[in-house]
Protein chains: 4
Amino acid sequence: MARRVRTTPRKNPKQDRSRATVDAILEATARVLAEVGYERASTNRIARVAGVSIGSLYQYFPGKEALVAALVERHVDRVTTLLDHAFDRIEELPPRHAARALVTAVLSVQVIDADLHRLLVEQIPRVGRLQRVTHIERRFVERTRGYLQSHRRESTIRNPDVAAQLIIYALHGILFGLARADPAQLGDNAVSDEMVALVTRYIAG
Amino acid sequence: MARRVRTTPRKNPKQDRSRATVDAILEATARVLAEVGYERASTNRIARVAGVSIGSLYQYFPGKEALVAALVERHVDRVTTLLDHAFDRIEELPPRHAARALVTAVLSVQVIDADLHRLLVEQIPRVGRLQRVTHIERRFVERTRGYLQSHRRESTIRNPDVAAQLIIYALHGILFGLARADPAQLGDNAVSDEMVALVTRYIAG
Amino acid sequence: MARRVRTTPRKNPKQDRSRATVDAILEATARVLAEVGYERASTNRIARVAGVSIGSLYQYFPGKEALVAALVERHVDRVTTLLDHAFDRIEELPPRHAARALVTAVLSVQVIDADLHRLLVEQIPRVGRLQRVTHIERRFVERTRGYLQSHRRESTIRNPDVAAQLIIYALHGILFGLARADPAQLGDNAVSDEMVALVTRYIAG
Amino acid sequence: MARRVRTTPRKNPKQDRSRATVDAILEATARVLAEVGYERASTNRIARVAGVSIGSLYQYFPGKEALVAALVERHVDRVTTLLDHAFDRIEELPPRHAARALVTAVLSVQVIDADLHRLLVEQIPRVGRLQRVTHIERRFVERTRGYLQSHRRESTIRNPDVAAQLIIYALHGILFGLARADPAQLGDNAVSDEMVALVTRYIAG
DNA sequence: AATGAATGAGCCTTCATTCAT
DNA sequence: CATGAATGAAGGCTCATTCAT
């Protein structure tokens with residue numbers, strides 16, 4: 001179904017000049033992706049937007065997939081970091097407050113780079129190893145399960161495995177559903193309060 | 001940003017032979033889309049798979065986008081019909097039971113044509129008018145809001161507008177989250193029960 | 001050392017129009033090859049010279065190698081036919097006269113398409129299956145050995161295996177040596193007489 | 001037809017380090033040429049194999065053709081030297097023995113650098129001044145003619161001009177014919193004896 | 001209507017070559 | 001002198017689309 005194509009960078013930039021080039025290329029990739037989508041994003045276009053020759057682009061990345069893969073990598077790293085810190089705090093809280101912290105954490109993913117995140121999740125064909133985007137999700141699920149397990153006594157949840165998935169997928173779905181329907185709502189307190197209510201009633205019944 | 005291209009069928013098949021041709025083409029489109037993705041699905045390939053000459057294909061569809069659009073159209077129609085019937089029944093039920101009926105309805109979307117649905121939602125670049133896929137979602141939200149409003153007295157929901165969105169997006173997210181993570185769970189009763197619990201506690205909390 | 005690339009034609013021309021296209025392409029391939037050599041012969045250039053779009057070229061041939069392979073095929077077929085007829089006659093002759101007939105046959109290869117033959121033998125990188133050019137040579141050797149064996153009694157040759165190779169390679173070498181140094185000599189009777197002498201003394205010495 | 005490109009080295013290595021660099025580059029050129037052929041031999045690749053930066057390569061050679069030209073030059077020089085010494089001895093011999101000495105000399109070309117020789121003769125596009133490879137051949141012919149002329153009395157040859165060409169081209173052809181068909185035979189005494197017989201009968205017939 | 005040959009814009013990619021460091 | 005980042009012309013190839021038959 002999919003030819004395997006190398007998606008790892010070709011060389012690690014050693015000099016400052018090259019690092020700048022690589023950055024410009026990735027920045028341009030994100031922009032072009034946002035503007036015209038994966039399909040219509042061509043390496044030539046990306047190079048042009050980056051203000052870099054097509055040759056330079058290929059010096060560092062073996063193709064379009066690699067560009068996106070690098071972008072994903074970077075984004076996943078950032079989000080994972082953010083997320084782990086958030087959960088370190090949540091761990092200590094009782095369900096009532098954990099729910100709000102959780103919702104806040106999920107919403108904050110948008111903050112890092114809202115457009116990019118949607119882009120990467122929605123627009124990228126799920127070819128091969130790009131699935132790393134779902135890594136974030138798995139990690140969210142993992143930590144949520146951990147929480148539900150250790151707070152079993154204070155919670156109505158009897159099946160942490162399933163519940164953790166439902167919670168995360170639900171929040172994720174809400175996030176993107178709202179983004180699709182009307183992004184403005186994402187900043188609305190009434191909305192986040194309602195999200196908190198949804199989760200609170202579920203886990204603290 | 002996007003060339004406007006005609007995406008409506010060129011002619012309505014009046015004769016049976018034509019209808020058969022059109023069907024073969026759409027079927028082939030779905031298959032090829034599933035096999036290689038939108039980007040690498042070529043009209044020539046689709047024509048070949050359909051056992052039809054490329055010329056004939058263009059006789060009925062003005063281009064690749066139109067093929068996908070027609071596929072979407074067909075799918076949306078089917079799902080919408082299914083959905084409307086489901087909601088006609090839900091309307092009558094009290095929140096406790098409505099929750100289960102709703103979950104069932106949402107899960108049944110998968111039943112119609114699981115792969116196609118995911119395909120259309122995930123893989124199709126959001127170019128222009130393909131957003132019609134989200135039509136289904138909007139309709140679900142609409143009817144859910146209707147339900148919440150008319151059953152306000154029996155429910156804890158105070159903000160039907162927001163709540164309807166959360167519920168639908170949440171269920172949608174769960175549907176696809178599970179499909180991504182482990183499709184087998186979709187048939188698991190423990191899972192659907194938990195989904196029901198999530199919704200029930202929220203609206204009948 | 002060499003990526004394997006398909007070198008067989010993509011489709012067999014069914015209509016007259018396509019046959020004409022294929023012919024034009026092959027003719028152009030030969031011309032371009034002669035003009036600029038294999039390395040600098042680009043598919044785009046060939047298409048241009050053929051008065052055909054690059055797309056058409058790729059409709060029939062998957063790449064440069066395939067073009068040359070087709071050319072080789074055609075040439076080899078022609079030469080092989082010519083050669084077999086010549087040997088049918090030689091078979092009957094005593095060594096003295098066989099030598100002249102052989103020299104004539106070898107020289108006649110030039111007649112079919114002198115430039116093309118040199119081109120194919122000399123200029124084509126010996127990638128993979130292009131070695132079919134040497135098919136001609138092997139066949140010449142084969143039939144010469146057959147002759148030497150069946151005429152053993154009238155000849156001084158004791159080792160037909162080696163001798164057949166020497167004779168053919170020698171004549172081949174002379175052919176191309178003269179062509180390189182001064183093609184005009186190829187039509188000179190003094191030269192062909194001397195070639196006959198060389199072979200005659202060797203086998204009927 | 002061919003852009004004129006400088007093919008002479010840019011500077012003469014004066015220091016030992018430079019000479020080592022140049023040698024490494026030429027060695028790498030030969031290796032890469034043998035591995036992937038002229039067409040796919042890139043200067044970057046050669047530089048990498050030579051363990052030298054691409055910049056350094058261009059410090060000494062103005063381009064790819066120059067690399068090959070230098071290689072040719074070196075090879076031609078070596079072979080010419082070898083050949084001249086051989087002929088100095090042949091000059092003194094009567095035809096019977098001269099034939100063997102000649103065959104030995106021709107075969108010894110292979111010894112110097114068999115692969116390289118074939119490479120240079122066969123694979124190098126006949127662009128422009130690379131024809132210098134044929135220089136060797138011309139020189140062989142020259143000296144053979146000289147021999148035939150001065151030994152006219154002991155020989156059956158009446159036309160030294162033509163005969164010299166035939167002999168050299170024949171031996172050359174045999175050399176490469178055998179190399180193509182089965183290189184192992186090149187070391188076989190039965191084969192060299194037969195080559196001697198071919199020449200002996202011709203000139204001393 | 002159906003066919004499929006032909007088209008050519010445009011994408012991906014390589015590689016000889018330059019030049020600032 | 002050496003380095004290697006950067007360049008961009010040019011080639012290979014695909015594929016949406018048209019149109020003569």
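Just the heavy atoms: all of them, side chains too, but no hydrogens, waters or symmetry mates, feed the values below.
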Problem - Polar side chain donor-acceptor pair, B:T21 to B:S18, under 3.5 angstrom - result: no
Handout entry: Salt bridge present between A:E73 and A:R78 (N-O < 4.0 angstrom)
Key = no
Practice task
Could you tell me the separation between the CD atom of C:E65 and the P atom of F:dG11, rounded to a whole number of Å?
Solution key: 17 Å
Problem - For atom OH of C:Y38 and atom P of F:dG11, their distance in whole Å - result: 14 Å
Handout entry: Sub-4.0 Å heavy-atom contacts from residues 43-50 of chain B onto DNA chain F, ordered by number
Key = B:T43, B:N44
Exercise for the section: Give a yes/no on whether any side-chain N or O of D:S56 is located under 4.0 angstrom from OP1 or OP2 of F:dT3. Expected result: yes
Practice task
Quickly work out the A:L57 CG to F:dA5 C1' distance and round it to whole Å.
Solution key: 14 Å
Fill in the blank from the handout: Looking only at F:dG12, F:dT3, F:dA5, the nucleotide nearest the D:I54 side chain is F:dA5
Handout entry: F:dA20: pairing nucleotide in any strand, Watson-Crick or G-U under 3.5 angstrom
Key = E:dT3
Practice task
Using heavy atoms to find the nearest nucleotide of DNA chain E for A:G55 and C:V52 separately, return the residue whose nucleotide is more 5′.
Solution key: C:V52
Distance-only criterion, 3.5 Å: show the donor-acceptor pairs between side-chain atoms of residues 22-34 of chain C and protein atoms not counting sequence neighbours.
unit_1 : atom_1 : unit_2 : atom_2 : d
C:T29  : OG1    : C:I25  : O      : 2.7
C:R31  : NH2    : C:E35  : OE2    : 3.3

Handout entry: Spacing of CZ belonging to C:R48 relative to OG1 belonging to C:T43, to within rounding of 0.5 Å
Key = 10.5 Å
Completion exercise
In this structure, CD of D:Q59 is separated from CD1 of D:I54 (nearest 0.5 Å) by 11.5 Å
Practice task
Assign each of A:A41 and D:K64 to its nearest nucleotide of DNA chain E by heavy atoms, then name whichever residue's nucleotide is nearer the 5' end.
Solution key: A:A41
Handout entry: Separation of F:dG12 P from C:E39 CD (nearest whole Å)
Key = 11 Å
Handout entry: Polar side-chain atom of C:K64 near backbone of C:A41 as donor-acceptor pair, under 3.5 Å
Key = yes
Handout entry: Whole-Å gap separating C1' (E:dT18) and CZ (D:F61)
Key = 18 Å
Problem - Euclidean distance, C:Y58 OH relative to C:L67 CG, rounded to 0.5 Å - result: 8.0 Å
Completion exercise
Atom CD1 of B:I25 and atom P of E:dA1 are separated, to the nearest Å, by 13 Å
Practice task
For E:dC15, give its Watson-Crick or G-U wobble partner with both distances under 3.5 Å, or none.
Solution key: F:dG8
Fill in the blank from the handout: By nearest-nucleotide position on DNA chain F, the 5'-leaning member of A:S53 and C:S42 is A:S53
Problem - C:Y58 side-chain N/O to E:dA6 phosphate OP1/OP2 under 4.0 Å - result: no
Fill in the blank from the handout: C:Q59 atom CD is separated from F:dT17 atom P, nearest whole Å, by 16 Å
Fill in the blank from the handout: Rounded to whole Å, CZ of A:R40 lies from P of F:dT14 at a distance of 21 Å
